Amino acid sequence: KQEVTQIPAALSVPEGENLVLNCSFTDSAIYNLQWFRQDPGKGLTSLLLIQSSQREQTSGRLNASLDKSSGRSTLYIAASQPGDSATYLCALNMEYGNKLVFGAGTILRVKS
Amino acid sequence: EPEVTQTPSHQVTQMGQEVILRCVPISNHLYFYWYRQILGQKVEFLVSFYNNEISEKSEIFDDQFSVERPDGSNFTLKIRSTKLEDSAMYFCASSDTSGGAVEQFFGPGTRLTVL
């Protein structure tokens, strides 16, 4: 059974800092990994998708990497802004079946 | 930009009542999903649906739950005889294919409160 862990559980940084969110998983039989953003009481916004054959994806100030063999992904946020404050979730699309398995998320607060 | 929509945004019901949560997936998508998130917990997979059939379901998705695509646009989740522990945010998602580079797109969710 896939276990997904996100570290840290919460993070508070001053505006402008670069930061790294971590996601680790136990089963490398994945099709892809998605990073989502969730604002309080709201839905899930897809940020980046990395296929299992890729090493990284970039979108604006966001860069996600994937090391499938070691079961790790990181989300790098450059020059953080108060508007980045949200919960960030990683989710794995498993090869067996067609479902996403989610981590518990990292709650990010960027202080102005 | 196409998006997944869900109605209602918030549903309050009494324990034991039946509820139907509605979703309109992105129009050219073929795969549909329901997930739920109990307050303070992880997002959990409930069921996936393709070609008018359930393709996979989790152990949470017992006989109390059912899904249906009643027409060409809607995808519904029915919960019979709701329990207090069914209170959660329910998310619908859709994708155009499965596996590989597929990205699942999520709706804004329906918050279900069972009293």
Side-chain angles (χ1 to χ4, degrees), chain A residues 1-7 9-10 23-27 29-57 59 62 64 66 68 86-107, chain B residues 1-7 9-10 21 23 26 29-51 53-61 88-113:
Chain A
K1 181 186 170 188
Q2 178 72 274
E3 298 290 339
V4 184
T5 303
Q6 290 189 245
I7 294 173
C23 173
S24 62
F25 49 95
T26 56
D27 186 346
I30 64 171
Y31 276 130
N32 60 55
L33 183 148
Q34 275 184 263
W35 281 94
F36 291 89
R37 169 186 173 134
Q38 184 176 30
D39 292 287
K42 302 294 184 183
L44 306 176
T45 301
S46 181
L47 298 173
L48 288 164
L49 179 144
I50 312 179
Q51 297 180 50
S52 62
S53 58
Q54 296 177 320
R55 298 286 291 182
E56 64 180 83
Q57 279 285 349
S59 175
L62 305 180
L66 174 63
K68 187 177 162 184
T87 297
Y88 291 82
L89 304 172
C90 71
L92 299 149
N93 194 349
M94 306 307 300
E95 284 183 4
Y96 45 87
N98 186 24
K99 62 183 180 186
L100 293 178
V101 180
F102 283 81
T106 293
I107 302 170
Chain B
E1 185 174 328
E3 58 183 15
V4 177
T5 60
Q6 292 186 240
T7 54
S9 57
H10 190 190
L21 310 183
C23 169
I26 294 173
H29 284 187
L30 301 175
Y31 293 81
F32 314 115
Y33 316 84
W34 284 101
Y35 293 82
R36 79 172 185 189
Q37 185 179 33
I38 295 171
L39 188 63
Q41 297 187 22
K42 292 184 180 184
V43 177
E44 303 172 287
F45 168 78
L46 292 178
V47 66
S48 59
F49 191 86
Y50 169 70
N51 199 26
E53 290 185 343
I54 290 175
S55 48
E56 186 175 357
K57 61 182 181 179
S58 72
E59 55 196 27
I60 302 168
F61 194 89
M89 186 77 117
Y90 288 81
F91 294 108
C92 173
S94 69
S95 62
D96 56 1
T97 57
S98 66
V102 142
E103 186 172 358
Q104 293 188 21
F105 294 86
F106 281 72
T110 293
R111 180 169 299 283
L112 176 65
T113 302

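The structure presented is a predicted model; accordingly, all values stated were derived computationally and were not measured. Sequence lines set the chain letters: A, B, ... in the order given, protein chains first and strands last, and positions in each chain run from 1.
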For this session: Identify which of Val101(A), Ile50(A), Leu44(A) forms the greatest number of heavy-atom pairs closer than 4.5 Å to chain B.
Result: Leu44(A)
Exercise. Out of Gly43(A), Gly41(A), Ala91(A), which one racks up the most heavy-atom pairs below 4.5 Å with chain B?
Worked result: Gly43(A)
Between [X] and chain A, with a heavy-atom cut-off of 4.5 Å, which part of the residue counts as in contact: side chain, backbone, both or neither?
{"X": "Gln37(B)", "result": "side chain"}
{"X": "Ser48(B)", "result": "side chain"}
{"X": "Phe105(B)", "result": "neither"}

Closest heavy-atom contact between [X] and [Y]?
{"X": "Ser46(A)", "Y": "Glu103(B)", "value": "OG-OE2, 2.7 Å"}
{"X": "Val43(B)", "Y": "Leu89(A)", "value": "CG2-CD1, 4.2 Å"}
{"X": "Phe91(B)", "Y": "Lys42(A)", "value": "CZ-O, 3.7 Å"}

Exercise. Crowded around Lys42(B) NZ? As in, over 12 foreign heavy atoms under 6.0 Å?
Worked result: yes
Exercise. Hey, does Leu100(A) have a side-chain heavy atom less than 4.5 Å from the side chain of Phe106(B)?
Worked result: yes
For this session: Please examine the side chains of Phe45(B) and Met94(A), heavy atoms only from C-beta on, and report whether any two atoms are closer than 4.5 Å.
Result: no
For this session: Would you give the length of the straight line joining atom NZ of Lys99(A) to atom CD of Glu56(B), rounded to the nearest 0.5 angstrom?
Result: 4.5 Å
Problem set entry | Separation of Phe36(A) CZ from Gln104(B) CD (nearest 0.5 Å) | 7.0 Å
Seminar exercise, completed: One option among Gly107(B), Pro108(B), Ala93(B) has the most heavy-atom pairs under 4.5 Å with chain A, and it is Pro108(B)
Exercise. Checking heavy atoms, do the side chain of Gln38(A), its backbone, both or neither come under 4.5 Å from chain B?
Worked result: side chain
